[in-house]
Amino acid sequence: MAEYNPQEIEAKWQKRWADARVFETEADPAKPKYYVLEMLPYPSGTMHMGHMRNYAIGDVAARVKRMRGFNVLHPMGWDAFGLPAENAAIKNKTHPREWTNKNIAEFQRTLRRFGFSYDWRREISTCEPEYYRWNQWFFLRMLERGLAYRKKSRVNWCPKCCTVLANEQVINGGYCWRHEDTLVESRELEQWFLKTTAYADQLIDDLKQLEGSWPERVIIMQRNWIGRSQGARVKFAIADVADADPIEIFTTRIDTIYGATALILAPAHPAVERLLGWAQDDSISWTRLKKMRQASVKTEDVATMEKEGFFTGRFAINPFSGEKLPIWVGNFVLMEYGTGAIMAVPAHDQRDFEFCRKYELPIRVVVQPEAGEPLLDEKMAAAFEDHQNGKLVNSGPFDGLSVDEAIRKMTSFAELKGFGRGEVVFRLRDWGISRQRYWGTPIPVVYCEKDGMLPVPDKDLPVLLPPNPKLTGEGESPLASTPEFVNTTCPKCGGPARRETDTMDTFVDSSWYFYRYCDPHNDASPFDSVKVGYWFPIDQYIGGITHAILHLLYSRFWCKVMRDLGLVGHNEPITRLFTQGMVQKGGVAMSKSRGNVVGAIDMAQKYGADTGRLYTLFAAPPEKDLEWSEESIEGSWRFLNRVFRLVDKHAASIRETKGWNFDPKGMTDKERDLIRVTYQTMLRVTQDFEKRWHFNSAIAQIMELTNEIYLAEPLENGVRPEIRREVLQILTLLLAPMTPHIAEEMWEMLGNKEGLWNASWPVLEREQLELAKDDEVEIPVQVNGRVRTTLSVATGAAELDLVAKAKSDPAVVRHLDGKRIIKVIFVPNKLLNLVVK
RNA sequence: GCGGGAGUGGCGGAACUGGCAGACGCGCAAGACUUAGGAUCUUGUGGCCGAAAGGCCGUGGGGGUUCAAAUCCCUCCUUCCGCACCA
């Protein structure tokens with residue numbers, strides 16, 4: 001009697017896989033490819049079971065596809081630049097590289113311990129010059145095309161990170177994404193940007209291609225983030241001032257322009273000073289403005305903030321009606337969106353209503369719903385929410401038009417008269433990539449006093465990080481205080497020049513890393529387009545929902561840039577996306593700071609990697625959060641022991657038998673039941689893996705099959721050895737993607753000379769069913785005890801029901817559109833066996 | 001406020017196209033084997049009634065469609081996530 005010893009078995013098979021180079025893969029146009037990828041980890045602290053769940057899901061996909069004959073690319077690498085390494089280095093007085101490499105070694109050891117089927121030859125680490133030089137190369141290409149640019153602007157500054165954050169890194173209405181308790185400040189700095197807005201239309205339109213294969217909510221989140229609004233700009237001339245520049249507003253509802261009763265400017269609007277300058281008695285207004293501008297720095301509690309404003313003393317002319325409208329400044333108007341100025345239409349906008357109510361500005365209804373209460377006074381207007389389906393009133397020549405007609409006609413009228421035009425406005429901002437930290441990719445640009453800003457020539461790449469920086473975590477960028485880095489020569493005139501001292505946001509690294517896996521050691525270009533052309537797009541990407549916007553949006557942007565550079569031939573890098581749930585303990589995600597991690601290595605030592613893998617796959621469907629439970633993990637452990645004992649018990653008696661070909665003749669009832677339940681399980685598990693990714697119910701099916709075999713004991717009496725072997729081999733094959741080590745061991749115990757890694761996924765051949773694909777079968781139908789009719793059922797329909805459980809005998813009669821349809825139960829030696837109550 | 005999910009035993013969760021609700025596992029209970037059990041095996045386990053056979057109720061609440069509803073429709077409630085003065 002052999003004991004299940006996971007540590008021994010796992011080490012044994014991991015070595016065999018490595019020796020046989022089972023997971024190493026090359027592009028091969030003769031074979032169908034499958035690129036499956038888990039988001040690359042940031043190597044910090046220790047790996048816990050939350051990480052493992054992610055990789056277990058990907059590994060199941062990789063192994064199933066491999067068993068089904070695909071050429072599978074399944075790589076792993078490290079998102080190795082970033083702030084924690086720098087902070088740890090400051091704390092421990094070491095170099096960030098030291099800390100990072102130590103963690104990478106630890107992470108790698110853990111992943112290997114779990115037996116994930118990676119091609120380790122393709123491992124990449126983004127902090128290596130061989131990798132980041134291509135960040136710099138891409139940056140220069142973008143610079144050439146005007147997609148990278150520098151400008152002074154208000155940026156998000158995290159006082160804890162001591163660096164700038166991208167808009168996407170500001171969360172919960174104004175907090176740092178890494179320090180959720182730290183309010184982001186606003187600073188004016190000279191910054192590098194990548195022009196994501198140049199692709200705003202494509203980024204939003206191409207989301208359509210992803211529908212159905214990306215989670216709906218990710219698509220919606222991206223769509224909202226990009227935030228496209230179709231609207232119009234309208235110029236309002238300023239009354240009583242000669243030669244004054246008009247004020248331009250943006251609106252999506254130009255049809256309501258006759259209902260405008262004021263113009264409201266953002267406090268930061270550049271025209272405010274001029275307007276106040278012209279007005280008399282302005283000292284109070286100046287004070288208010290100053291206060292408001294300071295207050296607007298805070299983005300906290302935006303939703304509940306009281307609307308405030310003041311009258312500038314000036315008026316604007318409504319170009320449609322000629323009406324004089326007071327110009328106000330309002331704290332709720334954003335400078336960053338549209339033109340920083342709006343027309344207030346209090347009857348048809350909640351915010352305008354609140355503002356005008358407070359300051360007693362008039363309210364005028366201009367859209368009247370066709371049916372329903374007449375909206376004539378201001379109280380009705382406030383309650384009126386559906387402005388989409390009304391007709392215009394109080395709107396001069398446009399009275400009576402529907403909203404859609406009015407928007408069209410009034411926009412072209414404004415264009416004709418030259419005071420407005422239709423425009424699409426995006427919420428998306430360009431991607432600010434400058435970071436004032438050391439541990440990132442240096443931006444490859446120099447500043448010469450004579451020649452100005454110049455790109456570093458390609459031949460001088462990579463611009464290396466200085467090996468011995470002074471890291472303090474305070475003040476300016478560490479690179480700026482490293483003279484040997486800063487001082488350089490001008491590539492044009494050869495005179496003295498200064499290097500750019502900002503480094504790139506680490507999201508640059510992860511925006512294209514998956515291309516590098518296709519050709520990881522190329523030192524002439526970021527990758528070979530032919531190799532990428534074979535592997536791309538990624539067939540299946542797996543990661544947390546946390547990256548729904550940041551990483552996935554940047555990656556999509558990068559892909560489109562590379563396409564326009566002629567490097568790749570596809571529009572979207574990722575065909576299918578799967579967002580797995582988190583592993584929690586005590587109701588919150590595992591994290592070092594919360595002190596609730598279950599270490600992956602500890603897990604492997606206590607129960608073995610297979611039990612850990614099985615449990616994370618079994619305890620919850622993969623897209624849902626999983627609450628870690630030390631108690632219920634015992635169930636997975638027990639199950640593997642049970643299966644192992646079962647195989648061990650029969651191994652000796654069946655090891656020498658030949659394989660069994662489906663042959664219904666002479667089967668005993670016990671054998672038939674066993675074969676039927678085995679094949680049914682096989683079909684259902686295949687469906688769960690391939691169609692639905694319901695790993696938890698796939699495992700449940702396998703457990704059920706195991707129970708059925710136990711129930712059929714003693715197998716020795718009444719079940720031929722070759723049938724026992726067939727059943728146990730299929731059981732082993734079904735387990736292989738999830739618990740590969742124990743599966744290999746049992747496969748060997750059953751007498752197989754070749755490793756399980758060479759085995760194919762079990763498939764029922766058509767001949768075994770004795771039905772051709774489009775056969776029709778005549779089935780007499782009994783309803784309520786009497787033969788009623790004869791139906792023909794296409795094999796397609798019968799096939800569906802092959803997966804029905806044996807227990808669901810007798811078949812069920814279904815009424816569908818007046819027709820009666822039959823569920824068919826498959827019994828091997830009788831072909832089709834129908835019982836209808 | 002807007003958008004998207006989710007509500008099924010003591011717990012995690014099954015149930016594909018409307019067709020035997022609660023698969024599988026945890027936990028719990030009883031028993032077997034044991035010097036012992038936090039090992040292993042067997043049996044039971046949604047609620048109520050019943051000795052049993054069996055019956056009734058049951059998928060957040062209420063209503064509806066259907067021979068048939070966890071599943072479809074209406075409505076309300078709860079909850080999680082994302083966005084949030086985007087004009």
Side-chain angles (χ1 to χ4, degrees), chain A residues 171-174 215-229 231-232 249-254 256 260 264 266 296 299 301-307 330-334 336-345 348-352 354-355 385 425-428 545-546 548-549 579 581 614-615 618-621 623-639 641-642 645 684 687-688 691-692 694 696-707 710 713 783-784 797 800-801 803-805 807-816 821 823 837:
Chain A
I171 58 166
N172 300 336
E216 195 190 355
R217 61 175 172 155
V218 174
I219 293 177
I220 290 166
M221 280 162 76
Q222 293 218 355
R223 195 169 280 145
N224 291 342
W225 185 263
I226 300 165
R228 181 163 57 191
S229 308
I249 60 105
F250 176 76
T251 177
T252 55
R253 293 298 303 271
I254 195 173
T256 61
I264 310 179
S296 70
T299 39
D301 300 328
V302 149
T304 51
M305 201 163 75
E306 176 86 6
K307 287 184 178 40
N331 65 344
F332 69 102
V333 179
L334 304 172
E336 306 86 63
Y337 188 78
T339 59
I342 63 163
M343 61 177 191
V345 185
H348 301 292
D349 184 281
Q350 184 65 32
R351 296 152 303 182
D352 297 348
E354 281 171 36
F355 190 83
E385 283 178 359
V425 160
F426 293 92
R427 188 182 168 280
L428 183 73
I545 186 74
T546 31
I549 293 174
T579 50
L614 186 70
Y615 177 67
F618 174 63
E623 71 277 7
K624 281 186 77 172
D625 288 346
L626 182 160
E627 175 67 26
W628 189 262
S629 153
E630 280 299 325
E631 266 180 351
S632 47
I633 196 162
E634 294 278 349
S636 299
W637 166 248
R638 279 203 283 266
F639 168 70
N641 275 282
R642 209 165 129 90
R645 278 198 305 274
R684 299 182 130 224
Q687 275 201 342
D688 277 348
K691 264 197 187 153
R692 309 191 292 161
H694 286 192
N696 56 330
S697 61
I699 294 166
Q701 302 289 336
I702 298 171
M703 286 174 165
E704 214 175 337
L705 174 61
T706 311
N707 292 344
Y710 263 98
E713 295 281 8
V783 180
N784 300 332
L800 243 185
D801 292 315
V803 299
K805 283 186 176 181
K807 281 181 197 160
S808 50
D809 262 344
V812 182
V813 182
R814 250 194 248 172
H815 299 239
L816 216 73
I821 295 183
K823 271 202 169 179
K837 250 183 195 164

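Computed over heavy atoms, backbone and side chain alike; hydrogens, waters and symmetry mates excluded. Letters A, B, ... are given to chains in the order of the sequence lines, protein chains preceding strands, and every chain is numbered from 1.
- Residue A:Phe426 is classed as having no contact, given no heavy-atom separation below 4.0 Å to the nucleic acid.
- Rounded to whole angstrom, the span from the CZ atom of A:Phe639 across to the P atom of B:G13 amounts to 20 Å.
- Residue A:Asp625 is classed as a sugar-phosphate contact, given heavy-atom separations below 4.0 Å to backbone atoms only.
- The listed nucleotides are B:A87, B:A14, B:C16; the one nearest the side chain of A:Arg684 is B:C16.
- For A:Glu704, taking side-chain heavy atoms from C-beta onward, the closest of the listed nucleotides B:A15, B:A23, B:A87 is B:A23.
- Dashed line: the shortest gap from a side-chain N or O of A:His694 to OP1 or OP2 of B:G13 is not under 4.0 Å.
- Contact check, A:Asn641 against B:U40: no side-chain N or O comes under 4.0 Å of OP1 or OP2.
- Atom OH of A:Tyr710 is separated from atom C1' of B:U43 by 17 Å (rounded to the nearest Å).
- Residue A:Asn224 comes nearest to A:Arg427 through the heavy atom pair O-CD, 3.7 Å, listed as atom of the first residue, atom of the second, then distance.
- Searching all strands for a Watson-Crick or G-U wobble partner of B:U40 with both distances below 3.5 Å returns B:A32.
- Rounded to an integer number of Å, the gap from CD1 of A:Ile633 to P of B:G38 is 20 Å.
- The minimum heavy-atom distance linking A:Leu334 with A:Ala266 is given by the pair C-CB, 4.0 Å.
- Of the residues in residues 216-226 of chain A, those lying under 4.0 Å from RNA chain B by heavy-atom distance are A:Glu216, A:Arg217, A:Ile220, A:Met221.
- Qualifying side-chain hydrogen bond (donor to acceptor under 3.5 Å, both in side chains) partners for A:Ser229, counting only residues two or more places apart in sequence or in other chains: A:Tyr337.
- Whole-Å rounding puts the A:Met343 CE to B:A87 P distance at 12 Å.
- The glycosidic torsion of B:G82 lies more than 90° away from 0, placing the base in the anti range.
- Figure legend. B:G18 is base-paired to no nucleotide; pairs are counted as Watson-Crick or G-U wobble with both atom distances under 3.5 Å.
- Across the protein-nucleic acid pair, A:Gln701 atom CD and B:C16 atom C1' stand 11 Å apart, rounded to whole Å.
- Taking the P atom of each, B:C33 and B:C28 are spaced 22 Å apart, rounded to whole Å.
- If A:Met703 and A:Pro621 are placed on RNA chain B by their nearest nucleotide, the residue sitting closer to the 5' end is A:Pro621.
- When all heavy atoms of A:Thr579 and A:Pro215 are compared, the pair lying nearest together is OG1-CG, 3.6 Å.
- Separating the C1' atom of B:C20 from that of B:A69 is a span of 14 Å, rounded to the nearest Å.
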Do any N or O atoms of the protein come closer than 3.5 Å to N or O atoms of nucleotides 27-31 of chain B, and which pairs are they?
residue	atom	partner	partner atom	Å
B:G27	OP2	A:Arg638	NH2	3.1

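- Here the nucleotide nearest the side chain of A:Ala620, chosen from B:C85, B:G12, B:A87, is B:G12.
- No side-chain heavy atom of A:Thr251 sits under 4.5 Å from any side-chain heavy atom of A:Ile342.
- The distance between atom CH2 of A:Trp637 and atom P of B:A39, rounded to the nearest whole Å, is 12 Å.
- Between A:Lys307 and A:Asn331 there is a side-chain heavy-atom pair separated by less than 4.5 Å.
- Nucleotides B:G37 and B:A32 are separated by 12 Å at their P atoms, to the nearest Å.
- Under the rule for a side chain to side chain contact (heavy atoms under 4.5 Å, CB included), A:Thr546 has no partner lying at least two apart in sequence or in another chain.
- For A:Asn707, the side chain to side chain contact (heavy atoms under 4.5 Å, CB included) partners two or more places apart in sequence, or in a different chain, are A:Arg642.
- Considering all non-hydrogen atoms of both residues, A:Ala619 and A:Leu626 come closest at CB-CD1, 3.9 Å.
- Not a single donor-acceptor pair, N or O on each side, falls under 3.5 Å between the base of B:C16 and the side chain of A:Lys691.
- The residue A:Val425 sits apart from the nucleic acid: no heavy atom pair falls under 4.0 Å.
- Comparing B:A15 with B:U65, their C1' atoms are spaced 22 Å from each other, to the whole Å.
- In this structure, the nucleotide among B:C41, B:A15, B:A87 sitting nearest to the side chain of A:Arg642 is B:C41.
- Rounded to whole Å, the distance from CD on A:Glu630 to C1' on B:G38 is 13 Å.
- Comparing B:U40 with B:G46, their P atoms are spaced 23 Å from each other, to the whole Å.
- Taking side-chain N and O atoms only, A:Ser629 has no distance below 4.0 Å to OP1 or OP2 of B:C11.
- Across all strands shown, B:A53 forms no Watson-Crick or G-U wobble pair with both distances under 3.5 Å.
- Considering only side-chain N and O atoms, A:Lys624 lies under 4.0 angstrom from the phosphate OP1 or OP2 of B:G13.
- Comparing the P positions of B:G54 and B:G44 gives an interatomic distance of 15 Å, to the nearest angstrom.
- Taking atom P on both B:G1 and B:U8, the two are 25 Å apart, rounded to the nearest angstrom.
- Judged as a side chain to side chain contact (heavy atoms under 4.5 Å, CB included), and not counting sequence neighbours, the contacts of A:Asn641 are A:Tyr4, A:Trp637, A:Arg645.
- Partners of A:Phe250 by ring-ring contact (aromatic ring centres under 6.0 Å, His included), not counting sequence neighbours: none found.
- Here A:Tyr615 pairs with A:Trp628 under the ring-ring contact (aromatic ring centres under 6.0 Å, His included) rule; sequence neighbours left out.
- Using a 4.0 Å heavy-atom distance criterion, A:Asn707 is classed as a sugar-phosphate-only contact.
- Every residue meeting the side-chain hydrogen bond (donor to acceptor under 3.5 Å, both in side chains) condition with A:Arg692, not counting sequence neighbours, appears here in chain and number order: A:Asp688.
- Comparing the C1' positions of B:G3 and B:C67 gives a spacing of 39 Å, expressed to the nearest Å.
- Side-chain proximity of A:Arg645 to the nucleotides B:C24, B:A87, B:C41 is greatest for B:C41.
- Nearest nucleotide to the side chain of A:Phe332, out of B:C85, B:A14, B:G25: B:C85.
- A straight line from CH2 of A:Trp628 to C1' of B:C11 spans 17 Å, rounded to a whole angstrom.
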